[in-house]
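Scroll down for the structure; my scribbles are underneath it.
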Amino acid sequence: MNQNKRIQIFERWSAANPAPTTELIHGSPFELLIAVILSAQATDKSVNKATQPLFARANTASAILALGEDELRTHIRNIGLFNSKAKNIIKTCAILVAEHEGQVPRDRQALESLPGVGRKTANVVLNTAFGELTMAVDTHIFRVSNRTGIAPGKTPLAVERALLRHIPKRFLKNAHHWLILHGRYTCLARKPRCPECLIADLCDYRDKTAAAV
DNA sequence: AACTCGGGGCA
DNA sequence: TGCCCAGAGTT
């Protein structure tokens, strides 16, 4: 895909949806970290439903530790993969207290060494809590980047680097949100809604695949 | 690269 | 009912 096409795509998204926001409810960096760990392969609705009462009860690493794994588990029982997430969150809180004075570290390596925190979660925290320009490549962004041709790559990390390299700087800050929304509501995994797609005429995917409507 | 965890939402 | 979810860890 040439750069001219890319610019047209982001200008359309910019005009259509100028105000990006995170849909996960969070106040502090710690609440964000926990909410993002919980959101892996889960919907933001089910996460918010659980985290509101949880954070009212305990919203720091030491408070979650005081709560204990069993009570934490009951709080997040409505979220998928809750069993392993409860264990990971307890371990992570213990590390935060022991090695980071109970705070969320502003450091990629330190974040990714926390149980339950991978590249994608670390990128969300660095971006949303600390204002760093990162691309958190989830399944939506991976699919949309490859289908459209905006930033092709065989792995999420390759797509992440391609996005940072190819997206014009003035669009970089909001690009993450637009890509997510596009994947979530238009460029669906199984049945892409090409007829109602804002950028169908600029997309590498449409007309090249039988699945593209 | 493939597999597993996993309840909830939505068509 | 079947399929997917703002993934990570292990084999």
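Residue numbers begin at 1 in each chain, while the letters A, B, ... track the order of the sequences.
For Arg161(A), the CZ atom is loosely surrounded, since the number of other residues' heavy atoms within 6.0 Å does not exceed 12. The environment of Gln3(A) atom CD is dense: over 12 non-hydrogen atoms of other residues, nucleotides or ligands sit within 6.0 angstrom.
Counting to the nearest Å, the P atom of dT10(C) and the CG atom of Leu81(A) are 14 Å from each other. One can place NZ of Lys49(A) at 8 Å from C1' of dG8(B), the figure rounded to the nearest angstrom. Atom NZ in Lys91(A) sits roughly 16 Å away from atom P in dA8(C) (whole-Å rounding). Computed from coordinates, the Phe142(A) CZ to dC5(C) P distance equals 13 Å when rounded to whole Å. Atom OH in Tyr185(A) sits roughly 14 Å away from atom P in dG9(B) (whole-Å rounding). For Asp44(A) and dG7(C), the CG to P distance is 10 Å, given to the nearest whole Å. Rounded to whole Å, atom P of dC5(B) lies 17 Å from atom CZ of Arg77(A). A straight line from CG of Leu181(A) to P of dC5(C) spans 14 Å, rounded to a whole angstrom.
Residue Asn83(A) is in sugar-phosphate contact alone, with no base atom involved, counting any heavy-atom pair closer than 4.0 Å across all strands shown. Gly118(A) comes within 4.0 angstrom of the backbone, heavy atoms only, and of no base. Backbone-only contact: Leu114(A) has heavy atoms under 4.0 Å from sugar-phosphate atoms and none from a base.
Listed nucleotides dG6(B), dA6(C), dG7(C) differ in distance to Ala40(A); the shortest reach to its side chain belongs to dG7(C). If you check dG7(B), dA8(C), dC5(C) against the side chain of Phe82(A), the one that comes closest is dG7(B). Among the nucleotides dA6(C), dC5(B), dC5(C), the one closest to any side-chain atom of Ser84(A) is dC5(B).
At least one side-chain nitrogen or oxygen of Thr121(A) sits closer than 4.0 Å to the OP1 or OP2 atom of dA8(C). Within the structure, every side-chain polar atom (N or O) of Gln41(A) is placed at least 4.0 Å from both OP1 and OP2 of dC5(C). Close to dC5(C), at under 4.0 Å from its OP1 or OP2, lies no side-chain N or O of Arg184(A).
To the nearest whole angstrom, the two P atoms, one in dA6(C) and one in dC3(B), are 24 Å apart. Going from the C1' atom of dG9(B) to that of dA8(C) covers 22 Å, rounded to whole Å.
Glu31(A) places no side-chain N or O within donor-acceptor distance of the main-chain N or O of Asn59(A), the cut-off being under 3.5 Å.
Ionic pairing of Glu11(A) and Arg170(A) is present here: one or more N-O contacts between side-chain nitrogen and carboxylate oxygen are shorter than 4.0 angstrom.
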Handout entry: Derivation and outcome, salt bridge (Lys or Arg N to Asp or Glu O under 4.0 Å), residues Asp138(A) and Arg119(A)
Key = CA-CA 10 Å; Asp138(A) 57 26; Arg119(A) 176 113 195 154; over 6 Å; no
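Taking the six-membered ring where tryptophan is involved, the planes of Phe171(A) and Phe10(A) are essentially parallel, since the angle between them stays under 30° and well short of 60°.
Residue order along DNA chain C, read from the 5' end via each residue's closest nucleotide, puts Ala189(A) first among Ala189(A) and Pro115(A). The 5' end of DNA chain B is approached more closely, in terms of each residue's nearest nucleotide, by Ala42(A) than by the other of Lys45(A) and Ala42(A).
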